[in-house]
Amino acid sequence: MPVYMPQGTLLYHGRMVDDIPNLPEWLAFDFEHANIFASELSPDPGYVLTFAAKRPLKLVYFDGSSAAKLRDGGLDSQDILIDRKVHLGGTMKDDIVRISRLCVWGKPLGVDGFVRMEYHL
């Protein structure tokens with residue numbers, strides 16, 4: 001689904017180093033989600049970077065099962081955009097590869113990024 005993010009929206013990125021990513025990366029809407037990747041996945045403390053949208057952003061929104069990182073069907077919508085086909089037998093691709101390929105697909109359409117609102121408890 002196409003959506004727009006207002007200028008000024010804050011986004012967070014948890015990582016183990018304090019530099020700004022120079023490749024496509026996933027960001028979070030809340031600090032707590034990003035902090036999982038900054039601290040809870042490693043014995044060493046990490047960093048949570050905060051970003052603010054400088055302008056309204058044109059995004060593609062995946063929600064529910066189309067955003068879930070599940071092997072059986074959850075990523076089918078993303079695979080269809082990337083490859084125009086469903087990958088039977090599992091679609092878990094490396095997240096950096098997935099976001100990079102989504103960006104290649106979206107760039108000619110003026111897409112600035114993607115929102116993947118995963119299912120969680």
Side-chain angles (χ1 to χ4, degrees):
M1 164 178 279
V3 297
Y4 289 90
M5 178 183 293
Q7 179 178 341
T9 301
L10 296 180
L11 300 165
Y12 305 92
H13 180 66
R15 58 192 293 122
M16 297 312 301
V17 293
D18 64 350
D19 61 337
I20 295 173
N22 60 1
L23 298 171
E25 292 271 359
W26 291 104
L27 304 176
F29 285 110
D30 58 89
F31 178 90
E32 292 79 12
H33 189 154
N35 193 46
I36 292 169
F37 299 95
S39 61
E40 295 181 20
L41 298 179
S42 170
D44 299 321
Y47 302 87
V48 176
L49 307 177
T50 304
F51 298 91
K54 291 173 65 174
R55 60 178 173 76
L57 300 177
K58 181 180 177 182
L59 307 172
V60 173
Y61 177 79
F62 298 102
D63 73 345
S65 293
S66 68
K69 294 191 289 184
L70 302 172
R71 295 188 188 283
D72 296 324
L75 296 171
D76 289 355
S77 296
Q78 295 173 54
D79 284 342
I80 289 169
L81 285 180
I82 294 170
D83 297 324
R84 295 191 170 119
K85 65 181 179 180
V86 173
H87 297 279
L88 299 175
T91 59
M92 284 290 288
K93 293 180 182 173
D94 178 77
D95 264 356
I96 300 303
V97 171
R98 177 172 299 286
I99 191 60
S100 296
R101 294 189 71 205
L102 283 168
C103 289
V104 168
W105 172 85
K107 187 174 182 175
L109 301 172
V111 173
D112 295 307
F114 301 85
V115 176
R116 188 170 63 186
M117 191 63 68
E118 297 183 44
Y119 165 80
H120 57 84
L121 298 174

Residue pair V104 / S100, side-chain heavy-atom distance below 4.5 Å: no

Considering all heavy atoms, the nearest F114-L102 contact: CZ-O, 3.2 Å

Exercise: identify the closest heavy-atom pair between F51 and H13: CE1-CB, 3.9 Å

Those residues that, when tested against D30, pass side-chain contact (heavy atoms from CB on, under 4.5 Å) (two or more places apart): E32, H33

Verify same cluster id: L27, I20 (apolar side-chain graph, 4.5 Å): yes

Nearest heavy atoms of A38 and G14, plus distance in Å: CB-CA, 3.9 Å

Side chain proximity check, Y4 to K58, heavy atoms < 4.5 angstrom: yes

Under the side-chain contact (heavy atoms from CB on, under 4.5 Å) test, residues paired with L57 that sit two or more places apart: M5, A53, R55, L59, D112

Residues that, via side-chain heavy atoms closer than 4.5 angstrom, fall in one hydrophobic cluster with L10: Y12, F31, V48

Pairing residues for L109 by the side-chain contact (heavy atoms from CB on, under 4.5 Å) criterion, not counting sequence neighbours: W105, V111

Distance-minimising heavy-atom pair for Y47 and V17: CD1-C, 3.4 Å

Under the salt bridge (charged side-chain N to carboxylate O under 4.0 Å, His left out) test, residues paired with D19 that sit two or more places apart: R15

Partners passing side-chain contact (heavy atoms from CB on, under 4.5 Å) against N22 (at least two apart in sequence or in another chain): none

Single-linkage hydrophobic cluster, 4.5 Å side-chain cutoff, L49 and F29 together: yes

